[in-house]
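Report on one structure; see the data block that follows.
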There are 2 protein chains.
Amino acid sequence: MDETLCMPRRRKCAATTREMIFEAARARFLSESYDTVGMRDIARDAGVDVALVSRYFGSKEDLFRLVLKGGEDRKFELPGNAAELPAFFLSMIAQGEDAECGHQRDKLMIMLRSASSPAAAEVIRSSFGRDVLEPLAGVIGEPNADARAVLAMALLIGTNFLKTVMPIEPLSQDELSHFRAELLRLFERVLVPQA
Amino acid sequence: MDETLCMPRRRKCAATTREMIFEAARARFLSESYDTVGMRDIARDAGVDVALVSRYFGSKEDLFRLVLKGGEDRKFELPGNAAELPAFFLSMIAQGEDAECGHQRDKLMIMLRSASSPAAAEVIRSSFGRDVLEPLAGVIGEPNADARAVLAMALLIGTNFLKTVMPIEPLSQDELSHFRAELLRLFERVLVPQA
DNA sequence: ATATAAAGTCAACAAATGTTGACGTGCGTG
DNA sequence: CACGCACGTCAACATTTGTTGACTTTATAT
């Protein structure tokens, strides 16, 4: 039985090119909207023919759905107790490329970018509710778990939107420190129950 | 000399059809992304031929730019002193159709919807900085006017995004009241200096 | 009534979109 | 060696996109 991974003796391996296409699609969807990303763009980035994209991942919508699911990664992964949430949310905004929270933020950004494309809207909505909002409300806990989860996500999404989708000219240095500190305090206010 | 407005004795008047097209475009851009809105959609809504859209407003990008400018309306209009800002921001989220703040929110929503379309991005960015962020920072005042303006807009944008672009299933009634009260407190914390 | 200019319609264009089928190529096995 | 299969390429498709030019209709002015 052959390994499912790419064997070096075979010059061309479907699994690796599939991965390349997937990664190219992921990068594209991360920085552009669903409609503006073309199959040919993805194919060019991956260094393959356009036909292969459709061949390996059925339709464009299927590909997008798979990218949004995050490949083999499972659900949104967030801290177990509410006390660690504010720092976690802040790290989702700071541009440090933590491997752990990078995936999470990427998923969120992909959702942000394509949320207003009808073809991608339903996929995004269901994934957002199931994989993000619901688990978050679970960690936050009563009272008003849902409302506070929405509030926290609104703050996170708004900030990331201004930062990434609609790039804001960078704030001055002391303003930025104030920005971060205030942001952390806001997250604490919304997320931890006793505050 | 003729009046520039449509005269009733003339059956067809360019100004009124131009207005119809403009209004149709406005409505479309308000609920869809720049890329998904087609010239033919706008024309159908306005009840005219596609060619007229291109004839009256040069290109699609020109039309979008004009819609974003708000027709004849001038810049973003917001309360003069910082104390009234929180209530104003909250009213921008509540779905009450105040004539005064309706225009403002519509502009914001149009920006939100099409921000990730490269063709519309630069138009939106410049308008957002010039017409929204800058005046807001002026009203907020020191210290850290820019940072706090960004923070407030992040909260507003995030909430409106979750509410409109990615429609969230409605919160329960007491959660919603908590939501609004907490939201107002957050806006107060960010916007009024002494808080 | 006839000419003139505005207002609108029709058809077509070039380019780009997602998707599909036929075809070529190199590998491992009979 | 030759067969068959996995892997990939090429070309073309049907649609849709924004935009443009020529033509028709309508209302005013001479």
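Per chain, numbering begins at 1; letters A, B, ... match sequence-line order.
For S114(B) (side chain) and M111(B) (main-chain N/O), no donor-acceptor pair under 3.5 Å exists by modelled atom type. Put simply, the side chain of R18(A) never gets that close to the backbone of F57(A): no donor and acceptor are under 3.5 Å apart.
The pair K107(B)-D131(B) does not count as a salt bridge, with every side-chain nitrogen at least 4.0 angstrom from each carboxylate oxygen. Between E182(A) and R189(B) a salt bridge is recorded (basic side-chain N to carboxylate O distance below 4.0 Å). Ion pairing between a basic and an acidic side chain is recognised when a charged N comes within 4.0 Å of a carboxylate O; R125(B) and E122(B) show no such pairing.
One can place OH of Y34(A) at 11 Å from C1' of dT17(C), the figure rounded to the nearest angstrom. Between the CG atom of D35(A) and the P atom of dT15(D) there is a distance of 21 Å, rounded to whole Å. The CD1 atom of I21(A) sits 15 Å away from the C1' atom of dG18(C) (whole-angstrom rounding). Between the P atom of dT25(D) and the CG atom of L52(B) lies a distance of 16 Å, rounded to the nearest Å. Going from atom CD1 of I42(A) over to atom P of dT17(C) covers 11 Å, rounded to whole Å. Rounded to whole Å, the distance from CD on E32(A) to P on dT17(C) is 11 Å. Residue M20(A) contributes atom CE, which lies 15 Å from atom P of dC7(D) at whole-angstrom precision.
Taking the six-membered ring where tryptophan is involved, the planes of Y34(A) and F64(A) are perpendicular, since the angle between them exceeds 60° and thus also 30°.
A heavy atom closer than 4.0 Å to some atom of DNA chain C occurs in no member of residues 110-125 of chain B.
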Detail all sub-3.5 Å separations between protein N/O atoms and N/O atoms belonging to nucleotides 19-23 of chain C.
residue : atom : partner : partner atom : Å
dT19(C) : OP2  : K60(A)  : N            : 2.9

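For the OP1/OP2 pair of dG8(C) and a distance below 4.0 Å, the side-chain nitrogens and oxygens of Y56(B) include at least one atom meeting the criterion. Contact check, T17(A) against dG8(D): a side-chain N or O comes under 4.0 Å of OP1 or OP2.
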Can you check side-chain contact (heavy atoms from CB on, under 4.5 Å) on T164(B) and R113(B), steps first, answer last? CA-CA 10 Å; T164(B) 310; R113(B) 276 254 147 72; 4.1 Å; yes
Determine, stepwise, if the pair V192(A) / L85(A) fulfils side-chain contact (heavy atoms from CB on, under 4.5 Å). CA-CA 8 Å; V192(A) 299; L85(A) 280 179; 5.9 Å; no
Would R185(A) and E188(A) count as a salt bridge (charged side-chain N to carboxylate O under 4.0 Å, His left out) here? Give the steps. CA-CA 5 Å; R185(A) 252 169 295 171; E188(A) 282 170 351; over 6 Å; no
